[in-house]
Student: 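Let me give you the structure first, and then I'll get to my questions.
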2 protein chains.
Amino acid sequence: MVYKVLGDYSKLIEEQKTDSQYFIGIDIGGTNTRVVYATENGDYYTIKEFLCSNITKLIEELTIIQNECLGNFIEPEFCCIDLAGPHLSKNKYKLTNYIESDNFLYTEKLPSKLCPPGKFAVLNDLESGAYGIIPFMRSEGGLDSIFSTIVQQTGPLRQPDNCVYPVLAAGTGLGVGLITKFGDQYKVIPSEFGHISICSDTNDCEQELFKKLQNIIKEKEITRTNYSLEYEDIVSGRGVQALYSIMKHENEPERNNSEIASQAAANPENLNCSCVKTMKIHYQYLVRCAREISVGTFGASVFLIGDNIVRNNAMVCSIKPFLGEEFLDHPKLEWLSTIPVFGQKIIINLNLIGCIFYASSQILKKN
Amino acid sequence: MVYKVLGDYSKLIEEQKTDSQYFIGIDIGGTNTRVVYATENGDYYTIKEFLCSNITKLIEELTIIQNECLGNFIEPEFCCIDLAGPHLSKNKYKLTNYIESDNFLYTEKLPSKLCPPGKFAVLNDLESGAYGIIPFMRSEGGLDSIFSTIVQQTGPLRQPDNCVYPVLAAGTGLGVGLITKFGDQYKVIPSEFGHISICSDTNDCEQELFKKLQNIIKEKEITRTNYSLEYEDIVSGRGVQALYSIMKHENEPERNNSEIASQAAANPENLNCSCVKTMKIHYQYLVRCAREISVGTFGASVFLIGDNIVRNNAMVCSIKPFLGEEFLDHPKLEWLSTIPVFGQKIIINLNLIGCIFYASSQILKKN
């Protein structure tokens, strides 16, 4: 088991001395924020979980945790925070899933004992998600416990000393991170490979689909000036909407993305269903993007993470052979056939685990 | 000035004590091998430069250098070798530019005082070339001394603490490396982004060109089973040949690549010349590949290196506006407009400089 949950705040008070070394993980979602106290081996107590969608409340809650919950405890060794949004400048982050009028985090506003200057880090959610995979890689049977194989490699699994593992998370957008391994050192490189241009298999149906998508983009994204398609134009929340609007019959209702996904999951074999068609194309291009990144990085294995891939498991399983063909449809199929594609199979907070892993690695580095 | 040449072997003997700390750089080309003695600040003496295209001779020559030239010297602190070819297993490398009957290097055969076990590294030539840029990045005016700007960024140059610099070298193949910067730590990640699929701007002429290229590939690469185009299918020695065979008039002669390049350089403005057309397309797709990698890595700046880009400077300069348009032709043009593309402008052995940089960084890491 990787990083056991030891209990809640009352258990923490009961079991841990106030002068023990520890670290803090703060996972900031759009709705929920979780703050945990992790021991040196990564096992952790949930100090508090609270609803929060604006910076003012976030800072208030963290200050309460510092002063009231952890008032008697020594300073943490390291604190790692993850959030969704871009790093705008040295000390400034935008939380894209917070309310727009109060969504800029200035790190100097963070309570300084909980997040000690020079001893905290802020990751974006894709980075923390990718870091969250690493403890599972390093634990016997860890990967099998949370991932299923979507594309099975045909050759022996490559496990070189130095390599790259691409990680893709399809959600509102298409996040991509690269886990790099140098010997026993792991590091995540954030990337933007969800935004590279879609390559085409140059068959006619595909060109037709692209044209329709471009027309939708022209209509909806009025400030956009270039209509070449990025993978994220298909593999994203807005991508699913666009695909569905192309696939649906004239008198079929509008549906939101979770309706489309659950409709597809209900009967994934029914290829006449517009929702099935939509999700099939969505996953086809996710896998194509994974393929291109795998070739480019000569990846050792690929991880598809996030709640969506877990929820859409039935759909994904029903089209495994199709996705396998898509993954290998490239001149470098000799390379690609050594690369398995794994899909997250259970709901687990990889972001939080990634924060704990990152914080504890900083301590190890120092020693 | 980055890494001064201090002289040849006789100078070395005259100026350096046999018990001084030093490191060794070995740049293995297809024809020439250079072995240098570098002082702690990176300035270096050329111990020997010799013709060599097979492993037996390489080991013989290195053994002579160890026993005769450096017989009285203490062991080097670190030795860094660069070569062209894949790393096949822990201790085995294939040198693709050596004669085929004698081109496998087993590292245990290397003379053990010159290349002390645990104190040497083998890089491929693209890795060493990318490492070779780093000392120029860190020296005031260094980059300007060896690079010219091919695509000027329009916004202010981004110089974030952590970032990626894509490096592309178009030669026989299309080599791509990623220089990653974390604070003041630099590391090169070898990559295979020259092999990702070409994305299309979906205009008709391009589809026509792709079909013609695919037909040539079907004819020439008889073991290939997938004819989707990789960037390397255009941006490579064989790519230039294929393009020229498509562009040339019926009664125009066959030409080798250096003839095509020099013909184009002679009159780069003449767009009716088949050689100019060929080289223009070659550089268009080099820049397109650079664009996609820049988007995917959110690169800080791009470096095009290698002797070819130096030799074809006149051609490249004459189509700068065209290449600039190609680089920005993407939905993320806001990002791309902050990324300059630099082209190497003088012939310089970046591979050797990279070996010296790499070796000296290993020493620094240890201390």
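None of these values were measured; they are calculated from a predicted model. A, B, ... follow the sequence lines: proteins, then strands. Residue 1 opens every chain.
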Student: To the nearest 0.5 Å, how far apart are CD1 in Ile198(B) and OG in Ser200(A)?
Tutor: 12.0 Å

Student: On a heavy-atom basis, which atom in Asn226(A) and which in Leu328(B) lie closest, and how many Å separate them?
Tutor: ND2-O, 4.5 Å

Student: Flag the pair Asp161(B) / Lys90(A) as yes when at least one side-chain heavy-atom distance between them is below 4.5 Å, and no otherwise.
Tutor: yes

Student: Decide if atom CD of Glu221(A) counts as having more than 12 heavy atoms of other residues, nucleotides or ligands within a radius under 6.0 Å.
Tutor: yes

Student: Tell me if the NZ atom of Lys181(A) is crowded by more than 12 foreign heavy atoms within 6.0 Å.
Tutor: yes

Student: At a heavy-atom separation under 4.5 Å, does Thr297(B) approach chain A through its side chain, its backbone, both, or neither?
Tutor: both

Student: So what's closer than 4.5 Å to chain B heavy atoms on Val164(A): side chain, backbone, both or neither?
Tutor: side chain

Student: Below 4.5 Å from any heavy atom of chain B, which atoms of Ser228(A) appear? Answer side chain, backbone, both or neither.
Tutor: both

Student: Pick one of side chain, backbone, both or neither for Leu178(A), based on which atoms fall under 4.5 Å of a heavy atom in chain B.
Tutor: neither

Student: Does the side chain of Lys332(B) come within less than 4.5 Å of Glu192(A)'s, by heavy atoms?
Tutor: no

Student: Tell me if a side-chain donor or acceptor on Glu292(B) pairs with a main-chain N or O of Ser197(A) at a distance below 3.5 Å.
Tutor: yes

Student: Does any heavy atom of chain B fall under 4.5 Å from the side chain of Leu333(A), the backbone, both, or neither of them?
Tutor: side chain

Student: Distance from Ile189(A) atom CD1 to Cys163(B) atom SG, nearest 0.5 Å?
Tutor: 11.0 Å

Student: When only pairs under 4.5 Å are counted, which of Ile293(A), Val176(A), Asp233(A), Asp329(A) shares the most heavy-atom pairs with chain B?
Tutor: Asp329(A)

Student: Are Phe193(B) and Phe193(A) close enough that their ring centres sit under 6.0 Å apart?
Tutor: yes

Student: Give, for atom CD1 of Ile196(A) and atom SG of Cys289(B), the distance between the pair rounded to the nearest 0.5 Å.
Tutor: 10.0 Å

Student: Between Ser191(A), Ser89(A), Pro331(A), Ser294(A), which shows the greatest number of heavy-atom pairs under 4.5 Å with chain B?
Tutor: Pro331(A)

Student: Looking at Arg224(A), Lys211(A), Glu334(A), His87(A), which one has more heavy-atom pairs under 4.5 Å with chain B than the rest?
Tutor: Arg224(A)

Student: Please check this pair: side chain of His330(B) against backbone of His195(A), looking for a donor-acceptor N/O pair closer than 3.5 Å.
Tutor: yes

Student: What part of Arg291(A) gets within 4.5 angstrom of chain B, counting heavy atoms only: side chain, backbone, both, or neither?
Tutor: side chain

